[in-house]
Amino acid sequence: MARCTHVESVGVTELPESVDGCEDCLREGGVWLHLRICLGCGHVGCCDDSPARHASAHARSTGHPLIRSLEPGESWCWCFPDEIGLLIPGVTGSTRIPPSPMLS
Ligand SMILES: [Zn+2]
Ligand SMILES: [Zn+2]
Ligand SMILES: [Zn+2]
C-alpha cells in the first residue's frame, strides 16, 4: 500500500480560524468552488474543480506536497507527489469559510 512520506514536512498544525477565500482568486478577481490549504505554508487555494486550480498550481510551483480540505466537515488531506488521500491527526482546528462565489 502506498504510504505518504511527507507528513513530517507539515508546517501548519493549527488551521486558521477563518479565511476570506482562495488567496489567488481574490487577488485576480476569480471565483472558486472548494478551498484547500497548503500544509507546508498555509497558502489557501482552490480545488481542481475550480476554474484556476490554484491549490495544485501552488503545489507544483512550490513543491509543497500536502493540502487539506477547508470545506465544513471535511478533514482529508491529499499528497500530490504520492497521489494519495490521507488523514493527519496532528492538524487541528476548523476554519470558517465564505460560501463559494460559484454557487451564489
Ligand atoms: Zn506524501
Ligand atoms: Zn483560486
Ligand atoms: Zn505552500
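Every number for a ligand or one of its atoms is a count from 1 in the order of the listing. Everything numeric in this text was worked out from a predicted model, so none of it was measured.
Side-chain atoms of Glu28 and His54 include a donor-acceptor pair closer than 3.5 Å.
With hydrogens and angles ignored, the 3.5 Å screen pairs a side-chain donor or acceptor of Glu71 with a backbone N or O of Leu35. For Thr95 (side chain) and Pro16 (main-chain N/O), a donor-acceptor pair under 3.5 Å exists by modelled atom type.
Among the backbone and side-chain atoms of His58, an N, O or S atom lies under 2.8 Å from the Zn ion (ligand 3).
Checked against the Zn ion (ligand 1), the N, O or S atom of Asp82 at the shortest distance is OD2. The closest approach of His54 to the Zn ion (ligand 2), by N/O/S atoms, is made by ND1. Restricting His64 to its N, O or S atoms, the one at the least distance from the Zn ion (ligand 3) is ND1.
When rounded to 10 degrees, the angle formed at the Zn ion (ligand 2) by SG (Cys25) and SG (Cys22) equals 110°. Rounded to 10 degrees, the SG-metal-ND1 angle spanning Cys79 and His6 at the Zn ion (ligand 1) equals 110°.
Checked against Arg36 for a side-chain contact (heavy atoms from CB on, under 4.5 Å), the options Ser56, Cys77, Cys47 give a single hit: Cys47. Paired with His64 under the rule ring-ring contact (aromatic ring centres under 6.0 Å, His included), one option of His43, His6, His58 passes, and it is His58.
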